[in-house]
Structures are given as C-alpha cells and as structure tokens.
Amino acid sequence: MKAETVEEFISELQKKAERGELLYIGQDLKRLDDLEKVLGSPVYTNDLLPRNALYARLVLSKYPHALIKGISISKALNYPGVRYVLTYKDVPGLNESSTIIPDRPLFAFDKVRSTGDIVAAVIAEKPTRAKEATELVEVDYEQLPAVFDPLEAMKPDAPKIHENGNIIKHVKVRKGDIEKGFQEADYIIENTFRTQHQDAVALETETAFAVPKDDKVLIIGSMQTPHHVQAAVAKVLGWPIDRVEVIQAVTGGAFGPKSDETPYDVASIAALGALKTGRPVLMSMTREESMKAHTKRHPAIITHKTGVKSNGKLTASKVQIVLDGGAYASLGVLVIVRATFHANGPYDIPNVWNDGYKVYTNNTYTGSFRGFGAPQAIFAAEAQMDEIARKLNIDPLDLRLINMLRPGSRTSTGQLMDESCGLPECVEAVVNASDYRNKRKQYESQNGTVRRGIGIALLHHGNALGPEGNDYAYIHLTVERSGKIHLGTGLTEYGTGAISGLAQIAASVLGVPLDYFVIDRPNTLVHHETGPTVASRVTAIGGNAARDAALKLKQKILPVASKMLECNVDDVVLVDGYAFCKGKEGRNVAWEEIVKEAYDANIELSTLGYYIAPECKWDPETGLGSPYNQYTFGAAIAEVEVDMETGQYRVLNYYVAFDVGKAINPQRVRGQILGGTVQGLGYAMMEELVHKNGYVVNPNLKDYYIPTSLDIPENIQTFIIEKAGSIGPYGAKIVAEPPIVLPAPAVRNALLNAVGSGVNSLPITSEKVLNAIKSSRK
Amino acid sequence: MEQAVFNLSQIEVFQPASLKEALKILNDNRDAEIIANATDLWPRIMNGEVKPKKLVDISGLRSELSYVKREKGVIRIGALTTISELSEHQFVSEKRYRAFNDAIKLFGSPQIRNRATVGGNICAASSSEDLIPVFLAYDAKVKLASVDGERIVSLDKFVVGKRELSKRHNEMMTEVFFEEPDDGYSSVFYKIGRRNTLIINLVNLAVVGKVQDKRVVDIRIAANRVKGKIPERARKTEEFLKGRTLDEETIADAQRVFGEELSLSDDFRASAEYRKQVLKVLLKRGLNVLGV
C-alpha cells in the first residue's frame, strides 16, 4: 500500500475490505515463478542432474509392424562406456506403460507396432557413447503387413495391430430423429475434412532422472501429473507406490503429451537404469526421439452431412469422425469422446447422429494435446457452416446467428444452456471490432493479384474433465512461523501460471498479499493424489480447493485476531496482510503477529482444501445428457491477404473473444488466448508431422515448422466476456485450451471468402490455396 | 544389420593457424573434411548423416579469408566472410545487387547469419543453399587453393551435384568472385517456403539482367533444381529471352520455355507441379522487375 499517512492507510484498507473475498480476484497480479525463469536459473530437470549420472538413449523400432524374433545386446554392452542395456527382460514388474487401456509395453517384446516403439535403452557414461551403442543393439525382425490409413484399418480384413481388432473406441450421439431431420431439410450438404498430425513442440522434451535411495527410488522429471508417473513406475518395478518418490521439476511446456504415456516411459527407463547400475540415470529425449515416440495430435477424417431449411435453420447433423490413433490407445480413448460431443459445433440442432471412432494404425501413436479432439471437430464443423452458407447464399455470420447456442437452447447432447452461455456476446465483440459486415461487403468484388478475405468461427468447450474422469483437487496450505504460506498440491505448473492463480485465490480469501505465498514443488510422497493436471482444470477445479483451504485457514486465524484486537470474530476483517476490527479501524495487527500468536497458542496453521465437481450425467448409448458441468464459449474473426498467383497468404488481423466466466487474472487469461492463438495458427497454416509408410519424415525443427514472430498477425485483439459458470470459483470457466481451436476454421473461412473456394484439409499450405483458387475458376 | 559405429569422441580435429598450414594438413590427410563455423556440417554429424574421421577447423583463418573487396570491376568475397558481414558491405545495397540483399534477408536467422559463411554455403552444395543461385546468376567463379598453388573454376563447374564438389581432396575454396555488371543491370531473388523465416525453400529464383527500351540485352536466371538436385542456370530460358522485347507475349512464352526446362520433383513440402507453377510466376515477376 502506498499510503502517506495513517488516515490514508486506514481508508485504503477500508476500501479494499469492501471487496471482501474478491479482494484480488480480477487483478493482474504477477506470477510467483517468473523471476527464476527470467534469470535463467538452473531449475529444469536436466539442470539438476547429479554429477555421477549415467545417460540413457533409446533404440526405437526399425519397422512399423514386425515380429521380434530376437534381441542381442552383447555388442552394445561391450562398447566402451556402456554400463547397461535395458530390454523387456529387465522389467521386474509389469512391462506396461499405458494410461487407460493396457495395450502398450514399456519395451516391445513380441512385436513392434510403430516406428515410435521402444525396443531397448542403452545406458552409458556419456550420451554420445549411449547413442553410438544403440546402433549395436541387434534386433531380428520379421516384417508384418501394416496399415496406415485409419479407414483401411477399420475394414474387417485389415492387418490386426492388436488382438481385439483395430477399432479402439466408438462414441455415439443420437438425438431426435435424424431421418426426419433430413426430410425436413430443403438442402443437404455433405463434405469431408481432414486434419494432420500436430506435434506439441514443448520447448523442453520429455525428460526424467532417477536416483536409487536404499530400497526406494527418487525420480525428478518434466511432467504434468507426478502421481500418475509414480503409479506407472511402481507398476514397472513391481513395487508398492510409496517406494517411488516423484518430484515434478519446473517443466518447460507440456501441452498434453506430458500428461500422456511418454513421461511414464522416461521415468520408468531412468528408474530401471538407476536400479540396475546403482547410479543416477537421466533419460532425456532428443527432439527426434520425442517427435517419434511421444503422442501427437490425432489426424482426423471427418464427414459432415447437414440438413438445412432455406431460411437457414439447421434440421439435422450427421457426423462421422475417424481418428488415426496410431499403434496405441493412450488418452486418445477420451479424446474421441470430446471430439464426438463437440462435433456439430456450438449450435442448437434438433436431430443429431454422431459416430466417433478411434482406430489403431501402424503410425506412431497419438493422444492428449491441447484442445483434446476439439481442434479437429470444430475445424470441420465450422468449415461445414461456411459451406452451408455458401450453398444457401447467405452470410456465414447470419447462418451462425440463426443457429448458435444462447440461453435457452440445447447442445447436440440435449444439454440446456442457461444464462452462463456468453456466445452471443463473444460474437458481438469480434464482429464489431473487426468491422466484419463492411469488410465482407468490401471484399465481394475484388480483382487483382492480391485479395483479402474475412472469416468467422465459433466454439463451445465443455469444461474440465466431464466424461474424462473424476474432477477433484486437493490443495494444502501451511503457514510458517514467519508468516509465509506454503501452497502444496499435486496439480502442476508447466507454463500457464495457473498455480500462481491458486495462490491468488487463497490470498484473496485470506487478505494476505500474494508475495506471502510460496509454491512447493509437487512431490508424490508429500502431496495428495489429486487427479491429472489436464483439461485446463487448475483454476476451475483446483481454484475451488484453494478457496476451501483458505476459508478453513481463515477460520483458524480469525479467533486469534479477534482476541488480539479485542473484537467480535464476525467483525474481524483481513486485508492486505492486516487484520482490523470493523468500527475500530485505527487499531490493526499484522499477519505476522497473528501467526506468531497462533504458533504460541499451539494452533495448527495447516489446512487441506478439497473440491469435487458435481457428477456429469449422460447416457453412454445416446450421448444424451449433460456431459459437462459448464461451457466456455468463443468466437474469432480472421482477416487474410492472398497472393492469387502463388497461393501464399498471411493473416493480417485476428479478433478473438472468450466467455471465461470470471477472469481471475485477466492478463494471464489474455496470455492463454494469445499463446493458444499462435499455436492454433501453426496448426492452421504450417504444422504437419508427416508420416510416410509409418515413418516420420520430419522429426526435427528444421523440417517441422512452427510459427515465428514473422508469421503471426501484428494485430491480435482479445476480448474477455464474463458470464459466470456454475462450478468454477467466482464463476470462472476454463481458458487454456479453447484458443488453439479457432484459428484453423477462422483462417480457412477467411480464405474461402478471399478466393471463392474452401480448403478442407489442414494445414492450409499455399499449394492447397492455389489449388482452391484454380478450382473456383472452373 | 548395422555394424559400423560412429564415435564422436574419436574425430581428429586440426586447427591450423594459417592458410598455408591448413593446405598442408589437407594435403596430408585425404579423409579430412573442412569445417568453418559448423552451421551445416555439425547438425549433420550429430544426426549421423555424415561420419567424418578428421576435421580441419578453418575458423581460425578469418584474418586471411574474411573479406569483401571491390577492385578493378571485380567483387571478391573471402570464403570465411559471414552472411552478416556480407550484408554490411555497401555493394549489396545497389540495384544491380538487389538479389544479394533479398537472399540475405531470407537467410536463416540473425544467429545463423552471424555464423554461416559464404564459402560454407557454397561448399554445402545443396538445394537449400540460397546463395548458390545468386552467385550463379552473376557468373561467379571460385578460387581453389592447395599446396600446389591456385586455380580458378566457374561456380557451375564447381558445384556439380547434391553435396558434390568438383575439387581435389587437397583443395580448399578460398574465394568467390565475379565481374561487376554495369549499373544498367537489375536483379532480384525470390524464396518461397511454408513460413516467413528459417525455412528451407520450396523454390528459389535469382534473376540478373539488363533490359533497355524493353529489349533484353542480357539475362541470367538461376533456380533450384533446373535439371538436377542443385541450383542451376536456366540456359534455355535465357537464350530464348535474349534480344527479345519484354512484352506480355514474350513473358508468357518465356514462362512456357522455363516450365519445360525445369525438372522438379515432389517431396513432403510441396509437389513438383506446384513448384513449377510458382517458379513461372516468379519468373514473370522477376522479368517485370528488370523491365522497370
């Protein structure tokens, strides 16, 4: 507080006290972990490696599908510097590294199913030695017929990748009477859309090291969910979980793949290596290893058949989504659920028939990645909307206004939208900011080599886990005698700043400035198992647990302050690190004094906050019901400029609005919107991990392109809409994932506006745009 | 079964202090590879694409081999001149050398431009080296030095295939040079890729020429993959254009000749057909730049 006099100080306190529990909610408070990153302090896994560590390197499968007839490690083992070579034979527990369906061995043993499969790991004194010796591991393969196209893989006579056929999961939505819906339609529009493998390209690849400690093992690594890694390693070792201690180091980006199975691989290999050699072992993937062996975003083949009346009202939507799952199920069995539930876009359609399939192929496997099935589903749904508008010859915005979700309408699964549906406000914000109507008119008659276009895309995004699991969180608050407050949780920070947001909520409840808080490193032997750090759920779910822990702590603090201030407990107010008594503002005590008093009185200043979201109910046969407790809504408008002779284009302007319920920290909300937008522009314009006959063609950053600062629009405008949701703290909804979804359909639709023909597959390369230009001239 | 093991720690590295010493080392070690600032070779070594046993690190020879000289109508560029140093020389700002300016702007990143050398870019001899077509379009020659003395080879006889140089094992490229075209010349360079920087080109094209009163007095066109897998001159298109009046019809015909001359191929970045279409468009644009 910057008060000059005691009077000013008291008046400031009073003003802030009026905000009550919302003291710091909606404020752009700084992150608690930014300084160490700016200073480049050694905080990441590989920085913390003990001096005497050994290094592991992977032997990946040579073929996309083959039987393993034998593995000989003797030559590799005799290579200078090599200390051990791990194969399936070294696994004392279960040779398994999987999240939901136990279909993926840690080390391939009977066969390999993709070129990302791990066959062995060489452990040596130096990483170069380990790398060199991987070439000496002799694997005798017998190649099997392979299948790379998921549509081919669905056929009954396709090569079987696992015992039980190639369809891993089938998700359905059946609403109304689809045939009746098509009969009522004046037009029926059918299109097929395709999307590509996208790599998350976290700055830090998957990495972990293990240190043997008597009959235990300590693992330090880069990951989203340490408790899941702990359970996975314990399973591989055949140990009870309490002998495995996992600490999440500062994590250099995650985006989903670090909640999937690859962190299990690196931790398990490091742990096995450490136990076999008695020394610390680092398993840190190279970029190439990571791009081959970790989960990518699923390529999708999505067909839409939509019935629409000539007045623009949608009558029926039938969608089939086929996800290329690659060789293993991963968290992808949940990705297909989200994709199928969001397949029709944010529209009120009376008759819906969706089929979502996740299918095995011999490509490298796919799984969790920011957006979790929504980027594919919404790209197709929103491209289809523009194709419908074109057929009806009405403006794509008007088609959306006629059909979009608003309070009182129902989603594809029949869920009723209440006042928390802020989609109309999102649309209004971007339409006004972009001058959409005028631009659309202006771009109607263009000729010349350079042309412009403007396009819109909308979304809804079911919040947090919903059908993906029990949505709960634990937060520990412990106050030191000095007054510092430790926030401990199994939820993890990996770049979003969300954990600082938890402290911000607790600080607001307790009336203590944010810098009193210390965030403890997540440690599986210290913190409760608290579900995965996924689905953008830290603020919406964890925030409630942080609030609960803070309220419980406040109940311990208030009586102490009450005694010190000789004030009725109900009149004690906590603001900015001080307690004072309503009506007797002149007297106050500092947080530190209260804490010291509590310590002296033997009051335990430690609380455990807990929250579990209401159960989501829906019918697994029809999908009908409420699979999510609340929804985030968003709208984006992109404006592009196209070179009509080469198909090259750039995005000039991007306007994006999200209804986030309540922005706990608006600056960080904008940060998530901007970051997601840029990653989404990469998905839209250039990113593609190319597979050819099961081999990754471009597993490096020379040939896999992510956007640079020169590739993104200079003008990105963000708008925050706040329509309080039913479960998040103070009405907060999730925000980390949805922003990645909108650029692809918005850019695609803007290009359609510019050139007169749409590109139906991602990424939208200049070659595809040129082909669209040619087809529109025909 | 793969048996050969490449051992990084067993690379023998020579660090000569003078050109004379470097040439002696090259003469004595048939299997030695030259490495300058390592922007091309080192990633390839780390990826296991090449497995040299001996390296001659010439980065210490900057005092002898880093220079841009402009004398007697000839521009001479030392092999160890970095791209940043080249960009700072006054000559690249002239209209007749705009192709250099264009290529440098699209060359890697600032960090790469500070390290990568002109000689390294030429000797890497691949389709991703954007300076090769530019130098080809200026009819550049290279100077090769060895213990036996020096000789001059024209660039198109020096870079003969993908990763393939026509030189003896004991020779080192020390300089690239070309005669200055008169200031009636114009030039332009285009490069197109999937993003705006840090890319391997889908196509590139350098055009240098002189057009007077709409008539093509001289023209040189170089692009990636005209015939083989390296940048080459499009001689047929040049011959077609020389002496003609640059009008729409001539340009359209030149595009057709150019299209027929090109032998492009598909890869995961783009199809041959797309590359050809774009190159034809760029040729038209290049000719229009010259015609202005």
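Just so it is clear: chains get the letters A, B, ... in the order the sequence lines come, proteins before strands, and each one is counted from 1.
- For E49(B), the CD atom counts as densely surrounded, since its 6.0 Å shell holds more than 12 non-hydrogen atoms of other residues, nucleotides or ligands.
- With a 4.5 angstrom heavy-atom cutoff, T449(A) touches chain B only via side-chain atoms.
- Listed by chain and residue number, P64(A), T364(A), Y695(A) satisfy the side chain to side chain contact (heavy atoms under 4.5 Å, CB included) test with T115(A) (two or more places apart in sequence, or in another chain).
- By a heavy-atom distance cut of under 4.5 Å, Y274(B), Q277(B), V278(B), V281(B), K284(B), R285(B) are the residues of residues 274-288 of chain B near chain A, going up by number.
- Taking chain B as the reference chain and counting heavy-atom pairs below 4.5 Å, the highest number among L770(A), T134(A), N700(A) is found for L770(A).
- For L710(A), the parts lying near chain B are the backbone and the side chain together; criterion is any non-hydrogen pair under 4.5 Å.
- Of residues 188-207 of chain B, those residues lying under 4.5 Å from chain A by any heavy-atom pair are I192(B), G193(B), R194(B), R195(B), N196(B), T197(B), L198(B), I199(B), I200(B).
- Contacts of I706(A) with chain B are made by both backbone and side-chain atoms, with heavy-atom separations under 4.5 Å.
- Proximity to chain B (any heavy atom under 4.5 Å) is restricted, for T765(A), to the side chain, taken from C-beta onward.
- Salt bridge annotation for E135(A)-K51(B): present, with a cationic side-chain nitrogen under 4.0 angstrom from a carboxylate oxygen.
- Other residues, nucleotides and ligands contribute more than 12 heavy atoms inside 6.0 Å of the NZ atom of K54(B).
- At a heavy-atom cut-off of under 4.5 Å, chain A is reached by no residue from residues 99-123 of chain B.
- Between R269(B) and D703(A), some side-chain heavy-atom pair lies under the 4.5 Å cut-off.
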